[in-house]
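Below you'll find the structure, written out as structure tokens, and then a few comments.
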Number of protein chains: 2
Amino acid sequence: MDAKQSPASAEPSYVERLRRQRVRVTPQRLIVLEALAAHSGHIAADEILRWAAARYPAINLATIYRTLDLLISIGLVAQTDFGSGVSFFELVGDAPHHHLVCEHCHAVLEVEGNVLSPMHESILREYGFLTNTRHLALFGSCRACLAALESKVP
Amino acid sequence: MDAKQSPASAEPSYVERLRRQRVRVTPQRLIVLEALAAHSGHIAADEILRWAAARYPAINLATIYRTLDLLISIGLVAQTDFGSGVSFFELVGDAPHHHLVCEHCHAVLEVEGNVLSPMHESILREYGFLTNTRHLALFGSCRACLAALESKVP
DNA sequence: GTGAGTGCAAATGCTTTGCAGACGT
DNA sequence: ACGTCTGCAAAGCATTTGCACTCAC
């Protein structure tokens, strides 16, 4: 739904989208958005802090969290837990994708959204539950670790 | 796979399985296992503490966590994060199932394992990634909240 | 000018750890 | 008896909150 947004421009529309939500446009908020845009895959709060502090040294972690909460509540950002006690954040707006988290080497692969659509459909059909396409991490073993495990237990 | 285990008896095989792993059989460990067996769905560490303290008052949260780590490392227990900063634990041995966590009312539904097998297969085929059947929570909207949302935004 | 937004510091909640004593083998 | 396990208390970590000040509107 709604495919009308400029493909590769990052800066100008954010200001507009914040204004549309009647929230103030502050340098901190724009910088958090830039940090998210720069790491389009996924990024943790303290990584945002490091990134942001490089260009706005006074910025504070509490502000990062408050900003992320705001951006989530207005639908600009999605939050994902990879099971390590740390939350990761990403901009909503790219193609939907999910994360495969390797429990052995902790690598994170990204999966196209449509790989999971048959699952979404059967869960919706059988349980009446609409799975959120943007808040999903699957745990398991990546190809490399799988090979390593098989060579040990043949 | 392997359907050979007594259906409703809980105590004797645990002792054996602990011994087989060369770890000591202590009342604390058995009580944690009993707590897990009693809540076969999923249970958080502090709920285990409450349950265990009722029959072994001296037991300590740190012990619960250490015991859970041990049980996970020997493959008796699985850990799941529902995205709330709290970990949930369950015995490995029941039929595989996953969890549907409603982001609105925080209800947790259980899904049969095979609903997700087409997804497992396509991910294995396309990414060489073997998803862990026992460490999975899907977030989204349950039937009731879905209905409530639709009536607000028709 | 005013209230939303921020920085600072302290608090929170879950989980982990160091150490001395206890208990399973 | 030995070495593992436990209880206790304190630390650790990501995240949240209270409060006074600041800045976007």
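Letters go in sequence order (proteins before strands), and every chain restarts at 1.
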With sequence neighbours left out, what residues match [X] under side chain to side chain donor-acceptor pair (under 3.5 Å)?
| X | result |
| --- | --- |
| B:E103 | A:N132, A:H135 |
| B:H39 | none |
| A:R125 | none |

Distances for protein N/O vs nucleotides 18-21 of chain C N/O pairs under 3.5 angstrom?
residue : atom : partner : partner atom : Å
C:dG18  : O6   : B:R66   : NH1          : 3.2

| request: Walking along DNA chain D from 5' to 3', note the first and the last nucleotide with an atom under 4.0 Å from a heavy atom of chain A, and give both. | output: D:dA14 to D:dC25
| query | With a cutoff of under 4.5 Å between side-chain heavy atoms, which Ile, Leu, Val, Met, Phe, Trp and Tyr residues group with B:L124? | reply | A:L146, B:L130
| Whichever hydrophobic residues join B:F139 through chains of side-chain contacts under 4.5 Å | B:F82, B:V86, B:F88, B:V101, B:V108
| remark: Tightest non-hydrogen contact, residues A:S84 and B:D81, listed as N-OD2, 4.4 Å
| Residue pair A:A38 / A:W51: nearest heavy atoms and the distance that separates them | CB-CZ2, 3.7 Å
| task | Kindly state each residue pair satisfying salt bridge (Lys or Arg N to Asp or Glu O under 4.0 Å) with at least one member in residues 35-62 of chain B, sequence neighbours excluded. | result | B:D46-B:R50
Spacing of [X] atom [atom1] relative to [N] atom [atom2], expressed in whole Å:
| X | N | atom1 | atom2 | value |
| --- | --- | --- | --- | --- |
| A:Q21 | C:dA4 | CD | C1' | 16 Å |
| A:R22 | C:dG5 | CZ | C1' | 18 Å |
| A:R29 | C:dA4 | CZ | P | 11 Å |
| B:N60 | C:dT17 | CG | P | 15 Å |
| B:L61 | C:dT17 | CG | P | 15 Å |
| A:R24 | C:dG5 | CZ | P | 6 Å |

| task | Looking at every strand, decide which applies to B:I59 at a 4.0 Å heavy-atom threshold: base, sugar-phosphate, or nothing. | result | sugar-phosphate
| field | Sugar-phosphate only, base, or nothing, as touched by A:A58 at under 4.0 Å among non-hydrogen atoms | value | sugar-phosphate
Under 3.5 Å, sequence neighbours excluded: what are the donor-acceptor pairs made by side chains of residues 58-69 of chain A?
residue : atom : partner : partner atom : Å
A:N60   : OD1  : A:A62   : N            : 2.8
A:T67   : OG1  : A:T63   : O            : 2.7

| query | Of all of residues 68-76 of chain A, which get a heavy atom below 4.0 angstrom from DNA chain D, listed by number? | reply | none
| task | Could you tell me which residues satisfy ring-ring contact (aromatic ring centres under 6.0 Å, His included) with B:Y127, sequence neighbours excluded, listed by chain and number? | result | none
| So, is B:S87 near the phosphate of C:dC14, with a side-chain N or O under 4.0 Å from OP1 or OP2? | no
| Distance test, side-chain N/O of B:T26 to OP1/OP2 of C:dG24, below 4.0 Å | no
| remark: Sequence neighbours excluded, the answer for salt bridge (Lys or Arg N to Asp or Glu O under 4.0 Å) partners of A:R20 is A:E16
| Whichever of B:P27 and B:V86 has its nearest DNA chain C nucleotide further upstream toward 5' | B:V86
